[in-house]
*Asks:* 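First the structure, then my questions, so here it is.
Below, all heavy atoms of this structure are taken into account, side chains as well, without hydrogens, waters or symmetry copies.
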Number of protein chains: 4
Amino acid sequence: MPEIDFRSDNVTAAAPEIAAALIAANSGTATPYGADSITERLTHCFAEIFEHAVAVFPVVTGTAANALALAALTPPWGVVYCHEDAHAAIDECGAPEFFAGGAKLIGIGGERGKLTPAAIAAHLTEPNFVHHAQPAAISLSQSSEAGCVYTGAEIAAIGEFARRHGLALHMDGARFANAVAALDCAPADVTWRAGVDVLSFGASKNGAFAAEAVVFFDPGKAADFAYRRKRGGHLLSKMRFLSAQLEAYLADGLWLRNARHANAMAARLGDGLRQAGARLSHPVEANEVFVELPDAAIRALAADGFLFYRWGGADANCIRLVASFETKPDEVAQFTAAAARHLERSG
Amino acid sequence: MPEIDFRSDNVTAAAPEIAAALIAANSGTATPYGADSITERLTHCFAEIFEHAVAVFPVVTGTAANALALAALTPPWGVVYCHEDAHAAIDECGAPEFFAGGAKLIGIGGERGKLTPAAIAAHLTEPNFVHHAQPAAISLSQSSEAGCVYTGAEIAAIGEFARRHGLALHMDGARFANAVAALDCAPADVTWRAGVDVLSFGASKNGAFAAEAVVFFDPGKAADFAYRRKRGGHLLSKMRFLSAQLEAYLADGLWLRNARHANAMAARLGDGLRQAGARLSHPVEANEVFVELPDAAIRALAADGFLFYRWGGADANCIRLVASFETKPDEVAQFTAAAARHLERSG
Amino acid sequence: MPEIDFRSDNVTAAAPEIAAALIAANSGTATPYGADSITERLTHCFAEIFEHAVAVFPVVTGTAANALALAALTPPWGVVYCHEDAHAAIDECGAPEFFAGGAKLIGIGGERGKLTPAAIAAHLTEPNFVHHAQPAAISLSQSSEAGCVYTGAEIAAIGEFARRHGLALHMDGARFANAVAALDCAPADVTWRAGVDVLSFGASKNGAFAAEAVVFFDPGKAADFAYRRKRGGHLLSKMRFLSAQLEAYLADGLWLRNARHANAMAARLGDGLRQAGARLSHPVEANEVFVELPDAAIRALAADGFLFYRWGGADANCIRLVASFETKPDEVAQFTAAAARHLERSG
Amino acid sequence: MPEIDFRSDNVTAAAPEIAAALIAANSGTATPYGADSITERLTHCFAEIFEHAVAVFPVVTGTAANALALAALTPPWGVVYCHEDAHAAIDECGAPEFFAGGAKLIGIGGERGKLTPAAIAAHLTEPNFVHHAQPAAISLSQSSEAGCVYTGAEIAAIGEFARRHGLALHMDGARFANAVAALDCAPADVTWRAGVDVLSFGASKNGAFAAEAVVFFDPGKAADFAYRRKRGGHLLSKMRFLSAQLEAYLADGLWLRNARHANAMAARLGDGLRQAGARLSHPVEANEVFVELPDAAIRALAADGFLFYRWGGADANCIRLVASFETKPDEVAQFTAAAARHLERSG
């Protein structure tokens, strides 16, 4: 059996459309550092999709996008409120703290990896009190670390809370496409219309080689960002090759097509596992499945050659399965069949 | 006339061999964050070319490579001595200071963009004196910002000076290939054998889409570097696509073949301009030509459609011409002929 | 009634012995920046009291002591584990994160403001995993933010845990004197003998004008600290005046005498309040009393002119009373009598 | 002979008036962290002396004052232009770079330790060019590191230059009193009226134990400064003792009286040395004398027991003599007589 890989959506190759765009961009000389024609078109492209003026800054990693965006939204003595499982808080080795000059990320609990105004309110530090780091921003992940999705209304409630408390609102959209595909909404509905100021728009997990974009919905607030990006070593000289990936990703709805496929595969995984008698830790709303299985079944699946991560520590009885734009129905079928077999045996 | 572009070697496309390698790597899943097989091979490949054990960290920009490398070599209260025109000091918007937590770069004058032990000695701050930032490292650019090349002996003299003063030695090798091609030496001769501790090994200007590598010649000193890179947002999830570029760059001597071509084109440019009566600001030793021309000639060349930068300010009568692996003999011929024409007219 | 002030031990004046020492030191010239004879004696003085070689760095605030000490114990990508109510985590406006280049403080719950090995273990991030900030240090407060005291055995258990996990151990001793007075132990027993590497030794709250000392129990690890202090703007030119305060504080047991008095006053406050029927939030072990009172009683006490802070928010029914070396038995008696009166009325 | 000490004005004790004020402030409790009545009065006192609304932040060192002030005036990607001998650039171990998150200080040459608009203009980096650190602020020292004094007109010219280029203007006034005494001008004339935005107002060298103040002439721009100071560990809990020093320093013209005395002693030193045949490196305009002497004379003076520093390295034939508010005419006479003797011998 060839390896069937559910470890993450970052184990994938790049989508053929994006590879083709990269190669197409690979001829002739171009003005470096983002003054090329592809990068120029990209801004228009984002503006159209989001139905709003934007300032767009392509970078190569989600960590860079998040850390740079958060640094633009908080002073060094500020606090960013995020979910306690947020990638920015847990999986970026302190990059946001580094870029923000030592600001604090305060992690907050919440069902399905999601924040609520009430949960944030319970953690707000005291404004204008010199001993406390100062409330500065909220960061939420769409889709969340639990593979769940904020509705537009849920985000708008947080956006309203943010406005009332003078906080900026950031969205970590490493899996933004999966969320929009799941909600089948206008991208604007879950971003600026709901109060989001800055979006880390991900493409690497859903088809690009390595491409993310920091999107400001108020371009006037992006004035300093170019310096932050350059100073972080994230201004590519041959920017066209980064922009070309993003342009192809947005063109003809590739981003949503890929995301819909990944979501559908995850849904199918979830259904199959539930039918086999497994308990899902969270509802499957985007492209991730968190499922509780007996240790014996987990080991047996690994022995079968399926690739996936245990979730919550090396001896946790929960695994995460991530579907991607490359996941094949047959791979899903093989996995759910094997899981059903192992569950029956251990049941 | 199609545009003939001598602005920089970063206006180029990627070399076909590197584009092919990227596409070849684009199938199947791979363990992310550098635990893939291409990245693993890459370390062996560098070790072989440098005849030494190495730790290799691919990143996407020269600014990232320099800033991360320097941060690894100086404490926040340290001083890095470099040429006053060094890219790290002038053209990175303070990235090294940012990554190094506020360390100082002290710029030192020197002919042909090159440092000497004597020049550095004249700027050494007082060691073990708590009021002064502490001597920590030297950074030299090979080839230099003036398009010149340090000989192995020149570097060894600086290496010896560094050792004697307890300083680390960094080399900014954004154009390392051009220097090695010019010297026709073993890469080891101008790096670890001459006392270089860490090299920023460039590929973006000489054939890659976006790929540089930080190379430690003492892998034992690289222990923390992985954290620095991650924290800087420079650890790519789909690392194989970065490593594939570097692997192709090193394979079959592509890096030196490309560099030799660029150097040859620069030499031809220099010869042609000298014969036309122009004065070269520096000897042409690698792939850059700095030439003094009357203002009228500079304007006329620009009006002809040639692309290049004035050097030393908007009204300087010096221009920089950078040849690349893509520069064609015919482009050189057209330029030198045009220059000769304009010089004659203005002479 | 003159104001009776239980707001904090930092509302106090300086002890007469310390004022006298400052004035005594105020004649003639002295070598600046700590090369004076008083500062030199100070190191011996600390070494004697702690029965161990030490490196001592006087500074003017507890925030500076903590932030500088923690920065010396963690890399920028490190994690410092502390109690969720720790001064360093909550009341220093992010100073430790600033000095440590963006390191993380992870707050951990625990009875009486105290950490345990088990509680820390539950929060340890994964070592050698590049995505996670790395376990670096533990910081505990002696006495704690709840006015409680770690026994030598409790600290030793944390010290052993720290050693096993490669973590440094810091003690925030803003109220170290109160803890040592409470335990009636050798200072060594609750510091280096129990595994403490660096102590923020406080004097400002217990008799000094403004004086704290960062004490390293392994002077070999203090090599860089002088640069950190200078660079933080915390190296006083006229150091003798800082050292003279600390010398007088340690001389003839003033530090313990003052602390014993403060502790005794707090104990008396606690006893009186308990007898009046109030519930204490924590046992009174050092010089702080946390007592739950009906809102009406709290307001009545404030109206009487007593000064104190509500604890846990503006509408919390808990107040904190801090006794100091200046607190008079009569002030305690007045307060407990008034509290008894108001409790009876509201009861 | 008792030691006669010309090493620096920071070897001095505190002035009796300031010691008396400290002791006077040492009774009763006070609201901590600057909400006490002395600190409140201090702001009015500064406002009166400067004839302008001010925001005043007392701190304990000149390094803290400079580093915090500069951090408030430059973004992390900014450049501060200062004299190449400026204390902030040379003698603060990189504190400004640390507090400003990695900003650059660019040192500029100039006679008598002074900057001019033309000299700054020659070093301005390119605004709005993302590769260059951005012009942000100018810092000048009054009096200068060479013991010289900017006239109001000279400062105003720099202030006008700053305004034209969008730069903030900072003044390092560690020896501000000496300059104002020398010029016999209104403090306003050499600060806000000449375009200075923020002043590091020194007292430690001229009578205080340890007290400086950061003075903002546009209080509206000081909003964030309280967080910076706290976060730097520079917000003293018992602030009244810092403010009391500054209040006494300003009261009854003590600051100018002390400075006038120091200046007069320096003038007398300069005159005596010139008459003895020595060459002064700079005119004596404030309280410092830089004098060139034969090596033999320097050694002989040191052997006599006079204390001073060689200037410009261990084998330079220049020494610096600093007069202070404590310097006695007889000490000056002894020194000039001895110098004359040794000069005659070596002449």
Side-chain angles (χ1 to χ4, degrees), chain A residues 2-5 7-16 18-19 22-23 25-33 36 59-68 92-95 97-99 204-205 208-210 226-242 307 324 326, chain B residues 2-5 7-16 18-19 22-23 25-33 36 59-68 92-95 97-99 204-205 208-210 226-242 307 324 326:
Chain A
E3 280 185 345
I4 293 182
D5 195 341
R7 285 179 296 175
S8 177
D9 29 14
N10 65 22
V11 302
T12 52
I18 289 176
L22 187 77
I23 296 307
N26 193 34
S27 98
T29 70
T31 305
Y33 299 116
D36 62 277
V59 295
V60 289
T61 69
T63 294
N66 285 341
L68 285 164
E92 301 184 351
C93 198
E97 289 90 342
F98 170 47
F99 279 86
S204 303
K205 290 182 194 298
F209 291 97
Y227 299 107
R228 292 191 187 277
R229 182 175 56 169
K230 171 67 190 177
R231 186 172 170 72
H234 286 289
L235 176 62
L236 268 62
S237 55
K238 296 179 170 180
M239 181 71 85
R240 59 171 149 167
F241 298 122
L242 192 42
L307 298 174
S324 79
E326 287 185 330
Chain B
E3 282 186 342
I4 293 181
D5 195 340
R7 285 178 297 175
S8 177
D9 29 14
N10 65 22
V11 303
T12 53
I18 289 176
L22 187 76
I23 295 307
N26 193 33
S27 97
T29 70
T31 305
Y33 299 115
D36 63 276
V59 294
V60 289
T61 69
T63 294
N66 284 342
L68 285 164
E92 301 185 350
C93 197
E97 288 90 343
F98 170 48
F99 279 86
S204 303
K205 290 181 193 300
F209 290 96
Y227 298 107
R228 292 190 186 279
R229 181 175 57 169
K230 170 68 191 178
R231 186 172 170 72
H234 287 290
L235 177 62
L236 268 62
S237 55
K238 297 179 170 180
M239 182 71 85
R240 58 172 150 167
F241 298 121
L242 192 42
L307 298 175
S324 78
E326 287 184 330

*Asks:* Can you tell me which of B/I23, B/T61, B/D36, B/L242 forms the most heavy-atom pairs within a distance under 4.5 Å of chain A?
*Replies:*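 Maximum pair count with chain A is reached by B/T61.
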*Asks:* Taking every heavy-atom pair that is under 4.5 Å apart, which of A/G232, A/A95, A/G233, A/A64 has the most such pairs with chain B?
*Replies:* A/G233
*Asks:* Check B/A210 against A/L236 and note the closest heavy-atom contact, atom names and distance.
*Replies:* CB-CD2, 3.8 Å
*Asks:* Output the option from B/S204, B/A208, B/P32 having the highest count of non-hydrogen pairs under 4.5 Å with chain A.
*Replies:*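 It is B/P32.
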*Asks:* For chain B, which of A/P16, A/A19, A/G94 has the most heavy-atom pairs under 4.5 Å?
*Replies:*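 Winner by heavy-atom pair count: A/G94.
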*Asks:* Between A/N26 and B/A13, what is the shortest heavy-atom contact and its length?
*Replies:*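 Closest pair (atom of A/N26, atom of B/A13, distance): OD1-CB, 3.0 Å.
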*Asks:* Please check: side-chain N/O of B/K238 versus main-chain N/O of A/N10, any donor-acceptor pairing under 3.5 Å?
*Replies:*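 No, because the side chain of B/K238 does not come within donor-acceptor range (under 3.5 Å) of the backbone of A/N10.
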*Asks:* Partners of B/A65 by side-chain contact (heavy atoms from CB on, under 4.5 Å), sequence neighbours excluded?
*Replies:*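 So B/A65 forms a side-chain contact (heavy atoms from CB on, under 4.5 Å) with B/V59, B/S200, B/E212, B/V214.
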*Asks:* May I ask you to decide if the ring planes of A/F241 and B/F209 are parallel, tilted or perpendicular, using 30° and 60° as cut-offs?
*Replies:*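 Ring orientation, 0 to 90° scale: perpendicular.
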*Asks:* Nearest 0.5 Å, please: how far is SG in A/C93 from CZ in B/R229?
*Replies:*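 One gets 11.5 Å once the value is rounded to the nearest 0.5 Å.
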*Asks:* Please rank A/G62, A/S8, A/G28, A/S324 by heavy-atom pairs under 4.5 Å with chain B and give me the top one.
*Replies:*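 The answer is A/G28.
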*Asks:* Could you tell me the separation between the OG1 atom of A/T29 and the CG atom of B/D9, rounded to the nearest 0.5 Å?
*Replies:*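 So the gap between those two atoms works out to 12.0 Å.
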*Asks:* Relative to chain A, which segment of B/T12 carries a heavy atom at a distance below 4.5 Å: side chain, backbone, both, or neither?
*Replies:*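 Its backbone and side chain both get close to chain A.
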*Asks:* Check each atom of B/A67 against the heavy atoms of chain A and say whether the ones under 4.5 Å are side chain, backbone, both or neither.
*Replies:*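 Neither; nothing under 4.5 Å.
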*Asks:* When heavy-atom pairs shorter than 4.5 Å are enumerated against chain A, which of B/T31, B/L307, B/N66 gives the highest number?
*Replies:*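 Highest number of heavy-atom pairs under 4.5 Å: B/T31.
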*Asks:* Using 30° and 60° as the class limits, which term best fits the ring planes of B/H234 and A/H234: parallel, tilted or perpendicular?
*Replies:* parallel
*Asks:* Roughly how far, to the nearest 0.5 Å, is CZ of B/R231 from CD of A/E92?
*Replies:* 11.5 Å
*Asks:* Counting only non-hydrogen atoms closer than 4.5 Å, does A/L235 touch chain B with its backbone (N, CA, C, O), its side chain (CB onward), both, or neither?
*Replies:* backbone
*Asks:* Using non-hydrogen atoms only, which part of B/Y33 is less than 4.5 Å away from chain A: side chain, backbone, both, or neither?
*Replies:* side chain
